[in-house]
Amino acid sequence: MIRSIILDAVRNEEGTRCNSRIGRSARWLLQFGLTLSLLLILGCGGGTPADEEPQAPAAEEEQPRGLSMNKEGVSDGYVLFAPLLSGTTYLINNEAEVVQLWETSYAPSGSVYLLENGNLLRTGRQPDVPVFNGGGQGGRIEEFNWEGEVVWEFEYFSEDYLLHHDIEVLPNGNILAIAWEAKTSEEALKAGRNPDAIPEAGIWPDMVIEIEPTRPKGGKIVWEWHLWDHLVQNLDPNQDNYGDPSASLGKVNINGDRRVEEIDPEELEQLKALGYVTEDTTQEDLSSDLFHTNAIDYNAELDQIALSSPRFNEIWIIDHSTTTAEAASDRGGRWGRGGQILYRWGNPQAYGRGAELDRQLFAQHDVRWIREGAPGAGHLTIFNNALPSPDGEYSSVFEIEPPVNSDGSYIQPETGPFGPAEPSWRYEAPDKYSFYSPFISGASRLPNGNTLVCEGAKGRFFEVTPEGEMVWDYSTIYSGNIRNPDGSFPHPVGKATYAVFRATRIAPDHPALAGKDLKPLDPQPEAVPGPVPAEEE
């Protein structure tokens with residue numbers, strides 16, 4: 001009876017249970033029992049008081065698109081975003097009026113940034129990419145001036161590597177970018193990967209590259225960090241990287257992920273229809289994208305990089321002050337540990353210092369430092385996508401304060417997991433389940449203490465106060481209809497036809513806006529409805 005209740009609770013409205021994250025929730029609940037799961041939920045805090053029963057999610061209703069709230073207390077300024085199925089990037093004011101837009105023929109792979117000189121930096125999804133096929137795939141970066149002209153473009157794709165998801169602009173104008181690199185099945189086996197988890201096509205570990213632009217086209221790679229250089233495994237003493245993950249906190253257990261289970265063709269088609277994977281995704285693709293690093297951020301004061309790996313349900317911080325050679329080792333750099341992980345949080349089970357119930361991150365996105373001048377400066381915010389419960393999954397925004405020593409280095413625990421034990425702040429919807437995005441999404445702390453949240457799958461942006469009161473709420477009316485050369489969509493569609501990877505608040509005194517005409521465009525761009533999936537055409 002309990003098994004039936006739990007399985008029913010984690011199925012979505014289409015009745016499918018093939019989503020890997022939903023499946024993980026079910027196994028978790030079955031393993032530890034309904035009682036322990038309820039205790040975990042009550043410990044999560046947030047919008048639902050502990051003495052109230054959370055409301056089970058009702059049948060999902062289509063939220064009206066457009067501006068639904070603009071209350072006193074909202075931050076002044078503008079919001080920048082790029083729909084995943086569109087070549088257009090929009091800048092809107094608090095009345096949801098478009099004041100500026102940029103056009104390209106490429107869908108975004110993920111993030112877009114407004115530079116201090118007023119230019120737009122935008123990731124792009126390169127069509128017909130060889131080898132790599134996964135969520136957030138990209139291959140190119142474009143820079144546009146305010147008038148919409150391309151002033152720089154950079155391509156980075158081949159059979160050996162591919163840019164994906166996110167980029168970050170450094171103070172010197174260089175750009176940090178996440179990329180996959182291809183490793184054969186033989187290389188994966190030699191590195192200690194579980195043979196049962198190695199697809200024939202091999203695996204795609206992540207790397208970080210620093211690009212020095214050479215305008216108007218191209219760039220020089222001036223620094224690299226490869227996750228492949230910092231692995232550990234305790235499965236096979238006859239292979240490389242053998243050791244104890246719990247004693248190797250600066251390394252990633254190559255078998256520490258939660259594996260994507262084999263699914264039959266019909267279930268894979270359901271995943272595609274729901275928008276969890278792209279239309280041309282194969283089972284091999286799901287297994288090859290081992291880490292799926294989906295966010296990168298930079299702290300100039302510390303000269304550190306933050307990364308998010310949703311497949312390991314962890315965030316990692318590494319040292320950027322190293323040389324490329326030091327970044328491949330465990331020595332050197334400001335913090336003396338080369339390219340090893342300085343700090344990690346979210347899933348101690350991944351490094352052998354916890355159980356499933358100790359896990360706090362679930363398929364998370366958008367780790368970033370809170371900037372100077374905003375409450376909580378120096379802390380990290382994280383969009384926690386898919387927290388499980390008996391009644392379904394829901395999303396939350398976490399703020400955490402990494403514990404540090406007097407010299408600013410992160411505390412390496414002798415036993416147990418990295419701290420903190422709990423977030424210092426979190427946001428969840430009052431009814432818990434109305435705020436849910438199973439993929440993409442982000443959040444950022446604003447100078448007035450509010451937090452801007454992008455509920456990415458729905459293309460919804462809202463701003464909440466420190467007390468959790470919503471003061472601004474907008475669901476974009478702009479989708480798109482960009483297609484790949486074979487006619488497929490560049491990103492998952494399903495119900496997520498208005499999906500946006502991330503939204504960014506641009507303050508009115510941002511240097512990029514100095515001297516710019518920010519009157520609403522007249523006429524305003526017409527609404528762009530989401531495309532109809534092929535099976536409904």
Side-chain angles (χ1 to χ4, degrees), residues 82 89 102 104 106-127 129-132 134 136-145 149-182 204-229 291 293-300 302-308 316-328 333 339 366-369 501-502 504 512:
T89 302
W102 297 263
T104 179
Y106 299 96
S109 66
S111 55
V112 295
Y113 292 90
L114 191 60
L115 305 179
E116 291 193 354
N117 63 2
N119 289 358
L120 177 79
L121 194 67
R122 188 182 193 274
T123 60
R125 189 191 192 282
Q126 181 71 28
V129 168
V131 178
F132 304 95
Q137 69 186 75
R140 64 186 297 113
I141 303 170
E142 294 179 305
E143 183 179 344
F144 302 84
N145 61 22
E149 300 168 327
V150 177
V151 296
W152 178 64
E153 55 184 333
F154 176 80
E155 297 178 348
Y156 194 76
F157 65 93
S158 72
E159 293 183 354
D160 299 319
Y161 50 78
L162 177 71
L163 295 178
H164 66 93
H165 281 94
D166 199 10
I167 58 177
E168 172 75 358
V169 183
L170 298 177
N172 65 0
N174 290 357
I175 297 162
L176 294 174
I178 306 166
W180 287 307
E181 56 179 332
W204 314 333
D206 289 306
M207 60 180 175
V208 176
I209 60 173
E210 180 179 341
I211 307 157
E212 180 183 325
T214 55
R215 293 178 171 82
K217 187 173 184 177
K220 179 182 178 182
I221 307 301
V222 297
W223 183 84
E224 300 177 28
W225 174 87
H226 298 259
L227 184 52
W228 195 251
D229 295 326
F291 302 100
T293 304
N294 58 24
I296 185 168
D297 195 45
Y298 177 72
N299 186 310
L302 301 174
D303 204 3
Q304 294 175 0
I305 297 169
L307 301 166
S308 164
W316 302 322
I317 292 179
I318 60 174
D319 190 354
H320 174 257
S321 70
T322 59
T323 64
T324 294
E326 290 172 335
D366 196 23
V367 58
R368 65 171 72 192
W369 276 279
F501 181 73
R502 192 180 294 164
T504 303

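Positions are given from 1, in the same order as the sequence printed here.
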Restricting to non-hydrogen atoms, name the atom on [X] and the atom on [Y] that form the minimum distance, rounded to 0.1 Å.
X: G138; Y: V129; answer: O-CG2, 4.1 Å
X: A177; Y: I167; answer: CB-CG2, 3.8 Å
X: T214; Y: G219; answer: OG1-N, 3.2 Å

Any heavy-atom pair between the side chains of [Y] and [X] that's under 4.5 Å?
X: W316; Y: L227; result: yes
X: N174; Y: P213; result: yes
X: D319; Y: W225; result: no

query: With sequence neighbours left out, what residues match E155 under salt bridge (charged side-chain N to carboxylate O under 4.0 Å, His left out)?
result: R140
- line: Those residues at least two apart in sequence (or on a different chain) that pass side-chain hydrogen bond (donor to acceptor under 3.5 Å, both in side chains) with D303 are Y298, H320
- request: List for me each residue that meets side-chain hydrogen bond (donor to acceptor under 3.5 Å, both in side chains) alongside S158, sequence neighbours excluded, and say none if there are none.
  value: none
message: For a side-chain contact (heavy atoms from CB on, under 4.5 Å) check, start with the C-alpha distance between I211 and I221, then their side-chain angles and the critical distance, and finish with the verdict.
response: CA-CA 5 Å; I211 307 157; I221 307 301; 3.9 Å; yes
- request: With sequence neighbours excluded, tell me which residues meet side-chain contact (heavy atoms from CB on, under 4.5 Å) with E159.
  value: P130, V131
Under 3.5 Å: donor-acceptor pair, side chain of [X], backbone of [Y]:
X: W223; Y: T322; value: yes
X: W102; Y: N145; value: yes
X: W369; Y: D297; value: no
X: T123; Y: G110; value: yes

- prompt: Would you call the rings of W180 and H165 parallel, tilted or perpendicular if under 30° counts as parallel and over 60° as perpendicular?
  reply: perpendicular
Find the distance between [atom1] ([X]) and [atom2] ([Y]) and round it off to the nearest 0.5 Å.
X: L121; Y: I175; atom1: CG; atom2: CD1; answer: 4.5 Å
X: E142; Y: N119; atom1: CD; atom2: CG; answer: 12.5 Å
X: L114; Y: T504; atom1: CG; atom2: OG1; answer: 9.0 Å
X: F291; Y: W204; atom1: CZ; atom2: CH2; answer: 13.5 Å
X: M207; Y: Y161; atom1: CE; atom2: OH; answer: 8.0 Å
X: N299; Y: I317; atom1: CG; atom2: CD1; answer: 8.0 Å

message: Applying salt bridge (Lys or Arg N to Asp or Glu O under 4.0 Å) as the test, list every pair that has at least one member in residues 162-181; sequence neighbours left out.
response: D166-R502, E168-R371
field: Summary of salt bridge (Lys or Arg N to Asp or Glu O under 4.0 Å) pairs that have at least one residue in residues 206-227, sequence neighbours excluded
entry: E143-R215
side-chain contact (heavy atoms from CB on, under 4.5 Å) assessment of W152 paired with I141: CA-CA 8 Å; W152 178 64; I141 303 170; 3.9 Å; yes
message: Is it the case that the side chains of R122 and T104 hold a donor-acceptor pair, with the cut-off being a distance below 3.5 Å and no angle test?
response: no
